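Reading through the structure tokens given below for one structure.
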Amino acid sequence: MSMFCFQCQEAAKNEGCTNRGVCGKSPEVAGLQDLLLSALRGAAVLVEKAATLGVEHKDAGPLVAEALFATVTNVNFDEDSIKSRIKATLSLSDELSSLITAKAGADGCADLPSAATWRGDEATFADRAREVGVLSESNEDVRSLRELLIYGIKGIAAYAHHAAVLGKEDASIYNFLIEALASTTKTLTQEEMVALVLRAGEVAVTTMATLDAANTGTYGHPEITEVPLGVRDNPGILVSGHDLKDLEELLEQTKGTGVDVYTHGEMLPAHYYPAFKKYDHFAGHYGGAWYDQKADFESFAGPILFTTNCLVPPRESYINRVYTTGTAGYPGTTHIPDREPGQAKQFDQIVAHAKTCAPPNAIESGTIVGGFAHNQVLALADTVVEAVKSGAVKKFIVMAGCDGRQKSRSYFTDVAQALPPDTVILTAGCAKFRYNKLPLGDIGGIPRVLDAGQCNDSYSLAVVALKLKEVFGLDDINALPIEFDIAWYEQKAVAVLLALLHLGVKGIRLGPTLPAFLSPNVAKVLVDTFDIKPTGSVQEDVAAMVS
Ligand code: FSO
Ligand code: SF4
């Protein structure tokens with residue numbers, strides 16, 4: 001076994017990747033990510049220790065959040081990038097140790113776990129990584145609860161980082177990241193570990209609300225929008241990932257250059273924001289979900305900018321057109337450096353590259369409709385409530401989450417097609433690409449697929465559900481005519497799932513498989529407490545959901 005990782009839905013044999021990641025992650029990068037996690041745990045212990053002495057380190061929270069984000073599936077495959085984050089984390093720990101020693105003497109740093117005391121240079125990273133991987137915890141239930149918590153906070157960290165880029169930060173979120181990381185070095189009871197996992201759900205709600213406020217405060221509230229799927233005659237740049245600030249700066253820097261900008265994958269919902277509509281050269285959406293990127297990028301012909309996941313190891317034929325920025329990274333691609341304080345990122349290289357490329361080849365035509373985030377749906381509340389009262393809409397099916405490569409994910413397309421015409425699908429995240437281009441029609445003007453936005457905009461679906469609960473005078477969200485049939489892939493979906501559990505949602509169907517990192521006992525806790533169930537056959541699930 002040269003590595004062990006089971007953090008995403010595509011873990012080999014639904015057990016774990018042991019030689020090379022199904023995602024393309026090398027054993028070397030997997031080991032470095034394990035070491036980065038260990039260094040972060042150690043730094044978190046020192047942050048907690050310093051706090052007991054009244055010492056705060058204001059850079060710790062953002063550093064930890066960004067580093068956690070870099071270890072999310074399909075974000076960063078670049079050894080050098082992960083190594084520099086390990087070094088930055090160890091430097092943070094050095095600073096904290098000095099601060100603690102200055103306050104409390106040498107005894108201040110006594111009795112710390114090895115995660116907090118280990119130091120080493122690059123030459124020692126690989127050996128240390130072998131000691132600190134996921135399997136270094138031998139008790140499978142402890143391992144399962146710790147990893148469930150770690151994956152939840154990876155998702156939270158990603159959303160917190162996006163909000164921070166737009167100037168919105170919440171110390172309570174960073175504090176929880178620290179508390180959760182440090183907790184995994186301690187001997188806790190099962191109840192204490194479960195409680196932390198459930199608190200991660202609460203913090204995930206706070207974080208998605210913070211990001212929602214950051215996005216809507218900066219770019220306006222998403223509104224119903226028809227997004228073109230065809231192409232124009234100019235060269236183009238394709239933007240993928242989730243970072244709206246990167247998109248904004250690229251749109252500014254491509255104004256008047258004769259280069260158009262298109263979205264791919266999870267960047268589709270950018271079109272729903274009023275602030276981006278003023279750019280005439282924001283030309284439309286190109287292609288399908290992230291896993292379609294190899295074919296989509298071949299035919300796109302121009303440069304592609306990855307602002308976050310999901311990055312698939314690029315083919316030789318187009319790797320020279322792939323640019324990464326922020327937490328994203330892949331060896332052999334060009335990385336656009338972070339912005340200097342008070343300045344925009346510099347995208348001139350990618351713009352110059354685009355000018356040398358042919359226009360994109362058309363792969364689709366027509367438009368796609370989205371923009372049903374909470375403000376827009378609540379503006380239509382009367383119509384929606386009337387449709388429910390009249391019986392025109394019998395059920396809402398929340399099919400949010402992520403898409404992935406596995407063939408079994410056709411389940412979600414089949415469910416969308418098999419649902420009766422008096423049902424409405426509420427979606428967010430890249431899961432939508434399984435059914436958002438199907439001709440499912442509308443109900444009295446309400447489209448049968450309502451796309452709220454990116455995976456973090458699952459928050460919008462929760463806001464809508466809570467509003468409906470209030471309108472219908474119910475005291476339990478589960479009494480609403482709403483079913484949850486969630487597709488998961490990576491760790492942001494874990495955060496979204498924990499958020500739904502915190503909001504009291506029960507009976508969620510989760511697919512296409514239950515997470516490999518849930519031990520039988522931990523899975524039982526979730527099933528018994530929240531009635532979570534794996535997706536089953538299309539026929540049975542549809543029948544149960546509409547009954
Ligand atoms: Fe998808 Fe990838 Fe948004 Fe994820 S593109 S899978 S949950 O990164 O974040 O929905
Ligand atoms: Fe395997 Fe997923 Fe880990 Fe990649 S992220 S190595 S596919 S479990």
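Order of appearance sets the numbers: ligands from 1, and atoms from 1 within every ligand. Small disclaimer: the values here were computed from a predicted structure and weren't measured.
With respect to D246 and R339, a salt bridge is recorded, a charged nitrogen being found less than 4.0 Å from a carboxylate O. Salt-bridge annotation for K154 and E490: absent, with no side-chain N of the basic residue lying under 4.0 Å from a carboxylate O of the acidic one. Salt bridge annotation for R128-E131: present, with a cationic side-chain nitrogen under 4.0 angstrom from a carboxylate oxygen. A salt bridge between D292 and K294 is absent, with no side-chain N of the basic residue lying under 4.0 Å from a carboxylate O of the acidic one. A salt bridge links K432 with D451: the closest approach of a Lys/Arg side-chain nitrogen to an acidic carboxylate oxygen falls below 4.0 angstrom.
Summary of contacts: the protein heavy atom closest to atom 9 (O) of ligand 1 is H242 NE2, 2.8 Å. For atom 4 (Fe) of ligand 2, the closest non-hydrogen atom on the protein side is C23 SG, 2.3 Å. At the shortest separation from atom 1 (Fe) of ligand 2 among protein heavy atoms lies C17 SG, 2.2 Å. The protein heavy atom nearest to atom 2 (Fe) of ligand 2 is C8 SG, 2.3 Å.
Near atom 1 (Fe) of ligand 1, less than 2.8 Å away, sit the protein N, O or S atoms C430 SG.
Atom numbering of ligand 2 starts at 1 in the shown order; those under 4.0 Å from a heavy atom of G21 are 6 (S). Near K25, with a cut-off below 4.0 Å to any heavy atom, the atoms of ligand 2 are 6 (S). Close contacts between ligand 2 and M3 involve ligand atoms 6 (S) [criterion: under 4.0 Å to a heavy atom]. For ligand 2 and T73, the ligand atoms under 4.0 Å from any heavy atom of the residue are 5 (S). Set against the non-hydrogen atoms of F6, the atoms of ligand 2 under 4.0 Å away are 8 (S).
In summary, of the residues considered (W290, F297, Y286), a ring pair (Phe, Tyr, Trp, His ring centres under 6.0 Å) with H264 occurs for F297 alone.
Using a cut-off of 2.8 Å, one finds that C5 contributes no N/O/S atom close to atom 2 (Fe) of ligand 2.
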